[in-house]
Amino acid sequence: MKEYQTITEISGPLVFAEVDEPIGYDEIVEIETPNGETKRGQVLESSDGLVSIQVFEGTEGIDTKSSVRFLGETMKMPVTEDLLGRVLDGSGEPIDGGPEIVPDDRHDIVGAAINPYAREYPEEFIQTGVSAIDGMNTLVRGQKLPIFSGSGLPHNELALQIARQATVPEEEEAGADDEGSEFAVIFGAMGITAEEANEFMEDFERTGALERSVVFMNLADDPAVERTVTPRLALTTAEYLAFEKDYHVLVILTDMTNYCEALREIGAAREEVPGRRGYPGYMYTDLAQLYERAGRIEGREGSVTQIPILTMPGDDDTHPIPDLTGYITEGQIYIDRDLNSQGIVPPINVLPSLSRLMDDGIGEGLTREDHADVSDQMYAAYAEGEDLRDLVNIVGREALSERDNQYLDFADRFEEEFVDQGFETNRDIDETLDLGWDLLSMFPKEELNRVDEELIEKYYVEEEAEEVAAD
Amino acid sequence: MSQATDSDTVREDGVIESVSGPVVTATDLDARMNDVVYVGEEGLMGEVIEIEGNLTTIQVYEETSNVAPGEPVENTGDPLSVDLGPGMMDSIYDGVQRPLAVLEDKMGAFLDRGVDAPGIDLEKTWEFTPTVSEGDEVDPGQIIGTVPETESIEHKVMVPPDYEGGEVVSIESGNFTVEETVAELDNGEEIQMRQEWPVREARPAAEKQTPRTPLVSGQRILDGLFPIAKGGTAAIPGPFGSGKTVTQHQLAKWADADIVVYVGCGERGNEMTEVIDDFPELEDPVTGKPLMSRTCLIANTSNMPVAARESCVYTGITIAEYYRDMGYDVALMADSTSRWAEAMREISSRLEEMPGEEGYPAYLAARLSEFYERAGYFENINGTEGSVSAIGAVSPPGGDFSEPVTQNTLRIVKCFWALDADLAERRHFPSINWDESYSLYKDQLDPWYQEEVAEDFPERRQWAVDILDEEGELQEIVQLVGKDALPEDQQLTLEVARYIREAWLQQNAFHDVDTYCAPEKTYAMLGAIKTFNDEAFKALEAGVPVEEIQDIDAAPRLNRMNVQEEWEEYIEDLEAELKDQLREKY
Ligand SMILES: Nc1ncnc2c1ncn2[C@@H]1O[C@H](COP(=O)(O)OP(=O)(O)OP(=O)(O)O)[C@@H](O)[C@H]1O
Ligand SMILES: [Mg+2]
């Protein structure tokens with residue numbers, strides 16, 4: 001392998017070097033600094049005689065006398081089932097002091113796209129035990145459902161609760177023995193603080209989840225450029241476990257905002273024409289190449305389910321990071337600052353939240369026959385109650401009709417009883433839906449116009465209505 | 001793109017000079033603009049998009065990882081084209097017309113690169129029945145025979161539009177592959193079932209006409225308030241999660257088009273899978289045939305190469321035009337045109353072109369209008385009439401309609417179905433905002449509605465629009481003082497408006513019955529609400545308090561009209577009951 005000492009320019013995370021042989025686009029590069037440190041990078045552009053290289057570990061310490069080696073291949077992730085239980089850094093090196101990892105295979109980290117024709121439509125209900133999700137925004141196997149949050153909000157707690165509680169009810173019945181081995185969690189951290197990282201690790205250790213997890217840690221003080229690689233390593237591992245080893249893999253990626261900042265940094269260093277708010281114009285495509293690596297494939301047992309977490313700068317969901325994410329993922333769960341300060345746990349705002357794969361994952365035989373109608377009706381009722389809250393502030397409760405007052409009460413009880421369940425409570429889907437009926441039965445039957453009449457007859461809780469009338 | 005392409009001119013190979021993502025430059029390549037080339041050792045498919053002296057710029061339709069300078073580039077000498085012929089219905093292609101089913105066979109579940117496959121099966125034989133005889137004169141575009149393509153579609157074999165035409169010297173019925181000659185003309189021209197057409201060029205037509213028939217969608221808010229014509233254009237802009245894709249799917253399922261071309265451009269893989277799974281099981285409400293047998297899918301999902309995303313809308317519309325030429329009404333959905341525009345932007349920025357507004361290339365507006373111009377109601381060159389209706393989803397960043405793609409699209413299309421995040425949040429679906437949306441076809445389609453549905457269709461629609469307008473104004477007051485402070489007649493108007501919104505405008509795409517609503521039912525449902533309105537106001541005038549009017553038992557039944565299969569009976573009963581119960585009060 002040829003070594004070059006031909007660096008002509010170093011700029012931010014980029015290094016430019018002259019070469020006298022053809023170098024492949026995306027190829028992996030090693031750069032050795034004068035003090036013996038080796039850094040890895042990737043070819044961003046290759047032209048006759050000149051390549052530009054993006055250095056993952058940052059360019060500190062590189063000078064024009066550093067030597068450059070081209071490895072002749074694109075970046076690979078060594079994969080094996082033995083990765084389960086291991087903790088790696090953001091570029092895939094073990095940091096847990098464990099034994100050397102002997103790979104089963106090495107996979108390209110830029111995964112090939114799944115042929116849409118080979119996909120299987122996700123419709124297997126995952127019970128997270130969280131009513132605001134199961135009842136209102138159901139998650140299914142193979143879905144990509146991000147959490148839209150803000151800084152300082154308890155999104156990590158929610159992600160951990162989901163990772164802890166997630167089950168597929170059907171399988172529980174079929175036999176619990178083989179189920180445990182089938183489920184795996186991949187955790188990809190990008191630029192999170194050491195404190196947050198500890199929070200995750202402690203929970204993983206406390207619950208024994210680490211055994212069936214692979215952890216990739218790029219922390220806040222690790223190189224930013226490395227963050228562009230971390231999720232790809234995580235997803236490559238996930239695809240291997242899911243589609244070659246039949247695991248049901250849940251991938252938690254946090255924080256996608258840091259990932260996008262790294263993209264922006266590289267774009268700026270390359271002097272690209274920036275897109276909206278300085279983020280690269282290709283950010284949609286780049287994010288899609290991560291998020292689309294979720295799903296099911298016909299004829300294969302496993303699945304990749306993604307829960308990416310992002311903190312919305314300024315809590316603004318029109319910011320390019322949440323906006324582009326929302327355009328790619330199959331819904332989103334909003335963590336709400338107001339609900340959080342009201343002490344609602346988890347503070348999920350169901351109104352802007354959405355699960356697009358819900359419709360096919362629920363109903364008779366999947367969850368329960370009344371699921372869709374209950375959820376629809378609660379959405380409508382909660383939205384109406386929310387609207388009326390503004391009005392109440394102006395005119396007071398007395399000025400509102402009896403009907404309006406019912407909606408206001410519903411909105412309050414919905415938050416306090418349905419959503420506010422705590423991070424430790426695990427509700428099964430029947431409990432969640434029954435609770436929904438308790439709340440809906442505050443209204444007279446005629447008011448439940450989204451629910452099938454037969455279902456009203458079957459599930460409506462008469463006492464609930466009487467109580468309200470008696471008040 | 002066809003492998004079968006045999007170019008007569010052998011051209012010189014070039015050499016790769018640089019690689020940057022989907023953009024590759026080559027030197028010494030003898031090529032014309034838009035020629036298809038094979039790039040590198042693996043022969044990745046690409047298209048020439050810029051020529052500057054000895055340097056040719058190519059957009060590559062596949063991933064370029066590991067491709068290096070010095071590798072060869074081979075020119076096919078042909079522009080990017082699609083294969084046209086029987087076998088396109090019930091198919092699913094990527095953005096350059098490679099059949100995804102064949103690709104799965106060849107390389108498994110993940111899309112590898114460097115694999116090509118013809119757009120239509122070259123081996124399969126089709127039963128050809130001539131409709132002209134030896135000795136007949138045929139012109140370019142003329143139909144010379146038919147082939148049963150699927151259960152619902154009879155494929156018409158046509159003289160390619162770029163032929164000269166002449167006297168038929170031989171033609172016979174029988175089973176042929178698409179490459180075998182089915183007819184010969186006296187000038188030596190041979191006609192096969194397969195023809196090729198360059199995607200970036202509109203197929204010729206005799207005349208564009210004013211469209212006068214609606215593309216009936218089975219969606220109440222569209223057919224009822226904002227109808228699109230066969231041959232019309234529409235845009236569906238909206239923020240993420242507001243219902244663009246569901247609306248497009250609804251149109252693909254229920255619109256009364258003969259042919260549907262559905263282009264998934266830079267969107268989700270699972271959404272295409274959903275179509276592949278659902279459509280074969282659904283029946284066309286008009287013909288009763290499986291929907292898939294009239295559908296062609298083009299799927300270039302967001303994680304597939306961006307250059308192929310740029311070309312997928314052209315592939316789609318060329319296929320649409322081909323079926324239009326047979327005299328069919330074709331509906332083309334493109335979800336989402338914003339992703340197409342972004343692909344243009346991405347390529348353009350790699351070319352270091354001067355960026356226009358928000359980084360989009362200066363030719364964005366021109367490309368959009370060229371695309372929508374290919375829609376229309378046409379008299380074809382063979383004398384038949386056919387149409388291409390084009391319906392594009394638009395995904396504005398941050399849901400802000402002032403951005404360039406939405407604005408440039410608005411200048412061209414005649415229907416604007418604006419989706420609204422607020423409505424979607426409260427699960428009012430379809431969340432088409434009735435204040436912002438419009439259709440410029442309304443007037444020219446009224447005669448059809450009057451003839452086919454009811455003489456007073458336009459008046460009834462106008463009544464609904466007026467009530468909704470009035471509600472909008474009243475809501476502003478309600479926001480300040482509460483509903484009970486309004487005079488009784490206004491309270492009643494609000495109640496009627498609520499029924500229009502909840503019982504009529506809302507339509508659940510996932511309910512077996514509600515998903516499709518015939519125009520007659522759309523009309524009758526609104527009629528029942530109007531009956532309630534008329535009777536309720538009579539009662540109010542006679543002194544019945546508004547609360548009593550609202551509380552009659554029959555009124556909530558208005559909310560169930562949508563799910564009735566036997567709706568005629570139900571609505572008739574309901575109207576009678578509404579009348580009885582209200583008249584009883586005075
Ligand atoms: N007519 C409808 N009936 C019932 N539900 C609907 C309807 N329209 C939309 N929805 C609901 O809204 C969700 C989002 O709709 P859709 O996927 O069409 O959004 P979109 O505008 O295409 O979003 P994106 O831009 O992110 O692709 C659907 O998954 C479905 O739950
Ligand atoms: Mg969509």
Side-chain angles (χ1 to χ4, degrees), chain A residues 22-27 44-48 73-74 110-122 243 272-273 275-276 281-282 284-285 288-289 292 295 297-298 318 320 323 326-328 330-332 351-352 354 356-357 359 372 376 379-380 383 391 394-395 399-401 404 446 449, chain B residues 17-21 25 63-71 92 100-101 103-104 108-112 240-241 266 268-270 272-274 276-277 299 301-304 306 339 342 345-346 349 355 358-359 395 397-400 425-427 479-485 502 510 556 559-560:
Chain A
I23 300 296
Y25 171 71
D26 258 359
E27 205 171 284
L44 275 188
E45 191 166 335
S46 172
S47 51
D48 220 5
E73 62 167 21
T74 52
V110 183
I114 300 176
N115 183 334
Y117 191 75
R119 278 183 186 267
E120 188 170 306
Y121 196 69
F243 302 128
E272 290 165 352
V273 184
R276 225 163 53 101
Y282 49 79
Y284 174 83
T285 304
Q289 276 161 357
E292 276 290 317
I297 292 178
E298 255 173 42
T318 66
D323 189 51
Y327 271 123
I328 304 163
E330 286 146 348
Q332 65 280 332
L351 290 180
L354 170 71
R356 296 163 197 246
L357 300 183
D359 305 293
D376 263 9
Y379 262 110
L391 186 56
I394 305 169
V395 299
L400 297 186
S401 66
D404 288 351
E446 307 79 65
N449 58 17
Chain B
E17 217 247 355
S18 73
V19 188
S20 163
T25 58
E63 289 304 329
T64 52
S65 289
N66 243 351
V67 174
E71 292 184 31
I92 170 165
L100 289 174
L103 295 193
E104 192 194 4
F110 290 87
L111 290 166
D112 211 342
F240 63 79
R268 302 173 184 84
N270 279 330
M272 300 313 293
T273 313
E274 190 182 3
I276 301 168
D277 284 0
T301 56
S302 56
N303 54 339
M304 282 158 76
V306 62
R339 306 301 165 220
E342 284 164 10
R345 176 170 71 183
E346 200 170 324
S349 89
E358 295 194 14
S395 317
D400 176 2
E425 247 182 50
R426 58 188 62 228
R427 299 325 194 235
Q479 287 307 316
L480 297 175
V481 297
K483 190 171 158 192
D484 284 4
E502 294 183 2
F510 303 106
N559 285 320
R560 312 251 171 214

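Naming convention: chains lettered A, B, ... in sequence-line order (proteins, then strands); numbering from 1 in each chain.
Between chain A and the residues Ser349(B), Gly108(B), Ala101(B), the largest count of heavy-atom pairs under 4.5 Å involves Ala101(B). The candidate with the highest count of non-hydrogen atom pairs below 4.5 Å against chain A, out of Ala109(B), Gly241(B), Gly359(B), is Ala109(B). In terms of non-hydrogen atom pairs under 4.5 Å with chain B, the most contact-rich of Pro352(A), Ser401(A), Gly275(A), Ala113(A) is Ala113(A). Taking chain A as the reference chain and counting heavy-atom pairs below 4.5 Å, the highest number among Glu17(B), Glu63(B), Met304(B), Arg268(B) is found for Arg268(B). Of the residues considered (Asn270(B), Thr25(B), Val481(B), Thr64(B)), Asn270(B) shows the highest number of contacts with chain A, using heavy-atom pairs under 4.5 Å. Your options are Pro320(A), Gly111(A), Gly331(A), Pro122(A), and the one with the most heavy-atom pairs under 4.5 Å with chain B is Pro122(A). Between chain B and the residues Thr74(A), Leu351(A), Asp26(A), the most heavy-atom pairs under 4.5 angstrom are made by Leu351(A). Top candidate by heavy-atom pairs under 4.5 Å with chain B, chosen from Asp48(A), Leu357(A), Leu400(A), Asp359(A), is Asp359(A). Heavy-atom pairs under 4.5 Å with chain B were tallied for Asp404(A), Asp376(A), Leu391(A), Ile394(A); the largest tally goes to Leu391(A). When Ala299(B), Ser20(B), Pro355(B) are compared by the number of non-hydrogen pairs under 4.5 Å with chain A, Ser20(B) comes out ahead.
Both the backbone and the side chain of Val19(B) come within contact range of chain A, each with at least one heavy atom under 4.5 Å from a heavy atom of that chain. Contact of Glu104(B) with chain A is made through backbone and side chain together, with heavy-atom distances under 4.5 Å. With a 4.5 Å cut-off on non-hydrogen atoms, Glu71(B) does not touch chain A at all. Proximity to chain B (any heavy atom under 4.5 Å) is shown, for Tyr327(A), by both the backbone and the side chain. Heavy atoms of Leu103(B) lying under 4.5 Å from chain A belong to its backbone as well as its side chain. In this structure, chain B has heavy atoms under 4.5 Å from both the backbone and the side chain of Leu354(A).
Here the OG1-CG distance, from Thr318(A) to Asp400(B), works out to 8.5 Å after rounding to the nearest 0.5 Å. Residue Thr285(A) holds its OG1 atom at 7.0 Å from CD of Glu342(B), rounded to the nearest 0.5 Å. With rounding to the nearest 0.5 Å, the separation of CG in Asp277(B) from OH in Tyr121(A) is 8.5 Å. Taking CD1 of Ile328(A) as the start and OG1 of Thr301(B) as the end, the distance is 11.5 Å to the nearest 0.5 Å. Remark: Arg119(A) CZ to Glu274(B) CD distance equals 13.0 Å, nearest 0.5 Å.
Pairing each heavy atom of Ile114(A) with each of Leu111(B), the nearest pair is O-CD1, 4.4 Å. Considering every non-hydrogen atom in both Gly281(A) and Arg345(B), the closest pair reads O-NH2, 3.6 Å. Minimum heavy-atom separation, Arg276(A) to Pro397(B): NE-CB, 3.3 Å. The heavy-atom pair separating Glu120(A) from Thr273(B) by the smallest distance is C-CG2, 4.1 Å. The minimum heavy-atom distance between Arg356(A) and Phe240(B), with the atom names listed, is NH2-C, 3.8 Å. Glu292(A) approaches Asn303(B) most closely through the heavy-atom pair CB-ND2, 3.4 Å.
Residues Asn449(A) and Pro556(B) have side chains not in contact (no heavy-atom distance under 4.5 Å, counting atoms from C-beta outward).
At distances below 3.5 Å, at least one donor-acceptor pair connects side-chain atoms of Asn115(A) with backbone N or O atoms of Leu100(B). Checked by atom type and distance alone, the side chain of Tyr284(A) pairs as donor or acceptor with a backbone atom of Gly266(B) at under 3.5 Å. The closest donor-acceptor contact from the side chain of Asp323(A) to the backbone of Gly398(B) lies under 3.5 Å.
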